[in-house]
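Nothing here was measured: the structure is a model prediction, and the numbers come from that model.
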Amino acid sequence: MSLKSRGSESSSKNAISRKLTLFLCIGCFCVGMLFTDRMWAVPEANDRSPSTGVSSKKPNLVSDGCDPNVKDEKGEPKDAFVKVSKTPHATKTLDKTISDLEMELAAARTLQDSLLSNSPLSQDLKIHELAQKRKYFMVVGINTAFSSRKRRDSLRTTWMLQGDKRRKLEEEKGIVIRFVIGHSATSGGILDRAIEAEDKKHGDFLRLEHVEGYLELSAKTKTYFITALTLWDAEFYVKVDDDVHVNIATLGATLARHRLKPRVYIGCMKSGPVLAQKGVRYYEPEYWKFGEQGNKYFRHATGQLYAISRDLANYISINQHVLHKYTNEDVSIGSWFIGLDVEHIDDRRLCCGTPPDCEWKAQAGNICVASFDWSCSGICNSADRIKEVHRRCGEGENALWDAVF
């Protein structure tokens, strides 16, 4: 074979080899693509992982009807928030749900703080009470001191029900009444043991994680609202002193008129002078915060008796670490609400005088909620006089059982 023909044959073979190589490459690429498509298609079609059988579908992070880009059958966007805002009932339900969640969160935080500090709030505080609690109408906390045994006994024989009647009041009317007291500076001392013995006999105390002291009333009141909110899910929380006469049924009827208001602060509103003279009663060490000397406080409820709604108690619980405490407890409470959207209810039936004042009003059909002497910031010599006040100004026990709140 000539050299020319050999060159021609070699060139032809090289061309065929290049074409064959090209076809093989294209074929391998197509087979690879087909194989890859099948590998990716299997999980999507079966929604299972080929090796484990576990669903590999990614969760849908946008709930149905909540995606603002989704359109309905008419081609209009489905805006759930717009629809809710146009439904007053749905809006109220949403607000209540948020409030419930906030309260549960606050209760959980309180319990956590208590457990971390290894100091439980109360023997009554149980974890299951946080998970499932019945609804109450109001919690009445009676502020008392270690030295006030006679006052407490005088209330037990007048307007504060005892034993089975008190338990019936809680079950049928949703009204909880407790004496509120903390601990002495010497934990487990004689004062604490005396209260424990008294509580064992009557079972009507709410013990606080608080060290008792006259200058600590603001802290005690704050702790009371937080603890009461944790233990009892009520519509209202009431604070009253142990030298004040109270008609519980009339108090309940008064609060019931405001139960549809989310943030309400009820009491006898006042605006007394800010006392800058050291050593006098009700001296205000931080008087300079209220302006020039001689200025008056903002409006706030007098401390003998006042009530707050559940949302306000919840607000105190959530913000407990940043609420400033003034020397005077009633001023502290008022200051916590002054910058909020709170309705102040000034009801003078919560601060009637002792007989003949409350007696005349009762005869006129305007029964007082609470009675005390302004000159004593309570009933003067209440342990001895409250029985007479109760006889002349009390509403009668039947009024409580017949009341519907």
Side-chain angles (χ1 to χ4, degrees), residues 96 99-100 103-104 106-107 110-111 120-144 152-181 195-196 198-208 224-240 242 244-260 264 266 305 307-314 317 367 369-370 390 394-405:
K96 188 176 187 304
S99 179
D100 289 341
M103 190 207 70
E104 293 175 6
T110 303
L111 178 61
L121 289 173
S122 168
Q123 293 181 355
D124 295 332
L125 181 57
K126 306 296 181 183
I127 294 178
H128 71 270
E129 288 179 326
L130 296 175
Q132 185 176 10
K133 298 182 295 183
R134 62 157 291 182
K135 301 289 184 180
Y136 291 87
F137 175 53
M138 66 177 175
V139 177
V140 180
I142 307 172
N143 181 45
T144 190
R152 291 191 291 272
D153 286 339
S154 69
L155 297 192
R156 292 180 177 119
T157 58
T158 54
W159 61 266
M160 184 181 181
L161 299 182
Q162 290 295 292
D164 293 337
K165 289 183 178 180
R166 182 169 56 81
R167 286 185 284 272
K168 180 181 177 182
L169 184 65
E170 294 181 11
E171 295 173 0
E172 295 186 3
K173 302 297 183 181
I175 299 176
V176 178
I177 305 177
R178 294 287 192 278
F179 287 111
V180 179
I181 194 168
I195 292 296
E196 290 169 3
E198 190 178 343
D199 190 23
K200 185 176 181 180
K201 178 180 179 180
H202 298 283
D204 53 6
F205 278 92
L206 171 59
R207 301 300 301 275
L208 304 178
Y224 156 63
F225 284 126
I226 295 169
T227 307
L229 178 71
T230 304
L231 295 175
W232 299 287
D233 182 10
E235 295 182 61
F236 296 96
Y237 298 87
V238 182
K239 180 265 177 180
V240 59
D242 62 3
V244 173
H245 180 268
V246 180
N247 285 317
I248 293 294
T250 306
L251 172 61
T254 300
L255 299 183
R257 287 195 289 269
H258 305 288
R259 69 193 321 166
L260 296 181
V264 63
I266 307 171
L305 186 149
I308 62 175
S309 59
R310 177 178 176 271
D311 279 6
L312 293 185
N314 191 37
S317 180
I367 298 177
V369 173
H390 184 67
E395 61 193 354
E397 189 174 323
N398 291 334
L400 181 57
W401 300 119
D402 293 340
V404 177
F405 304 120

Peer 1: By the definition side chain to side chain contact (heavy atoms under 4.5 Å, CB included), identify the one residue from Glu172, Lys165, Lys173, Glu171 that meets it with Leu169.
Peer 2: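 Considering Glu172, Lys165, Lys173, Glu171, a side chain to side chain contact (heavy atoms under 4.5 Å, CB included) with Leu169 is found only for Lys173.
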
Peer 1: Nearest 0.5 angstrom please: Thr158 OG1 to Asp153 CG, how far?
Peer 2: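 It is 10.5 Å, given to the nearest 0.5 Å.
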
Peer 1: Decide yes or no on salt bridge (charged side-chain N to carboxylate O under 4.0 Å, His left out) for Arg134 and Glu170, but give the supporting numbers first.
Peer 2: CA-CA 11 Å; Arg134 62 157 291 182; Glu170 294 181 11; over 6 Å; no

Peer 1: So, taking the atom named CZ in Phe179 and the one named CE in Met160, what distance separates them when rounded to the nearest 0.5 Å?
Peer 2: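 Between atom CZ of Phe179 and atom CE of Met160 there are 4.5 Å.
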
Peer 1: Do the non-hydrogen side-chain atoms of Leu161 and Glu397 ever get within less than 4.5 Å of each other?
Peer 2: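 Yes - at least one pair of side-chain heavy atoms lies under 4.5 Å apart.
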
Peer 1: Could you tell me whether the side chain of Val176 reaches within less than 4.5 Å of the side chain of Met138, counting heavy atoms only?
Peer 2: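 No, their side chains stay 4.5 Å or more apart.
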
Peer 1: Does Ala249 offer a backbone N or O that forms a donor-acceptor pair with the side chain of Glu395 under 3.5 Å?
Peer 2: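 Here the side-chain-to-backbone pair exists.
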
Peer 1: Does any non-hydrogen side-chain atom of Arg259 lie less than 4.5 Å from one of Val264?
Peer 2: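 A side-chain contact is absent here, since even the closest heavy-atom pair is not under 4.5 Å.
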
Peer 1: Taking the inter-plane angle between the rings of Phe137 and Phe236 on a 0 to 90° scale, is it parallel (under 30°), tilted (30 to 60°) or perpendicular (over 60°)?
Peer 2: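 Answer is perpendicular, since the angle exceeds 60°.
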
Peer 1: Drop me the distance from Leu255's CG to Ile308's CD1, to the nearest 0.5 angstrom.
Peer 2: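 Spacing of CG (Leu255) from CD1 (Ile308) equals 11.5 Å.
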
Peer 1: Can you tell me how far CG of Leu206 sits from CG of Asp199, rounded to the nearest 0.5 angstrom?
Peer 2: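 Asp199 CG to Leu206 CG: 9.5 Å, rounded to 0.5 Å.
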
Peer 1: Take Lys200 and Glu196 through the salt bridge (charged side-chain N to carboxylate O under 4.0 Å, His left out) test and state the conclusion after the steps.
Peer 2: CA-CA 6 Å; Lys200 185 176 181 180; Glu196 290 169 3; over 6 Å; no

Peer 1: Go through the steps to decide whether Ile248 and Ile177 satisfy the test side chain to side chain contact (heavy atoms under 4.5 Å, CB included), and finish with yes or no.
Peer 2: CA-CA 10 Å; Ile248 293 294; Ile177 305 177; 4.0 Å; yes

Peer 1: Quick check against the 3.5 Å criterion: does Tyr224 have a side-chain atom that pairs as donor or acceptor with the backbone of Gly141?
Peer 2: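 Yes, Tyr224 side chain to Gly141 backbone: donor-acceptor pair under 3.5 Å.
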
Peer 1: Check step by step if salt bridge (charged side-chain N to carboxylate O under 4.0 Å, His left out) holds for Asp204 and Arg156.
Peer 2: CA-CA 10 Å; Asp204 53 6; Arg156 292 180 177 119; 2.7 Å; yes

Peer 1: Closer than 3.5 angstrom, by distance alone: can the side chain of Arg152 be matched with the main-chain N or O of Glu198 as a donor-acceptor pair?
Peer 2: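 Pair absent, no side-chain N/O of Arg152 close to backbone of Glu198.
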
Peer 1: For Gly394 and Asn247, which heavy atoms make the closest approach, and how far apart are they?
Peer 2: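 Looking at all heavy atoms of both residues, the closest pair is CA-OD1, 3.4 Å.
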
Peer 1: Can a donor-acceptor pair be found, under 3.5 Å and without considering hydrogens, that links the side chain of Ser317 to the backbone of Ala313?
Peer 2: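 No, the answer is negative, given that no donor and acceptor are paired below the 3.5 Å cut-off.
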
Peer 1: So, taking the atom named OG1 in Thr254 and the one named CG in Leu251, what distance separates them when rounded to the nearest 0.5 Å?
Peer 2: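 Thr254 OG1 to Leu251 CG: 6.5 Å, rounded to 0.5 Å.
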
Peer 1: Working to the nearest 0.5 angstrom, can you tell me the gap between Ile142 CD1 and Arg178 CZ?
Peer 2: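 Between atom CD1 of Ile142 and atom CZ of Arg178 there are 10.0 Å.
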
Peer 1: Test the Lys168-Trp401 pair against the cation-pi criterion, namely NZ or CZ under 6.0 angstrom from the six-membered ring centroid and within 45° of the ring axis.
Peer 2: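 Relative to the ring axis of Trp401, which defines the angle, Lys168 lies inside both limits.
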
Peer 1: Between Val238 and Val246, does the side chain to side chain contact (heavy atoms under 4.5 Å, CB included) criterion hold? Intermediate values first, please.
Peer 2: CA-CA 11 Å; Val238 182; Val246 180; over 6 Å; no

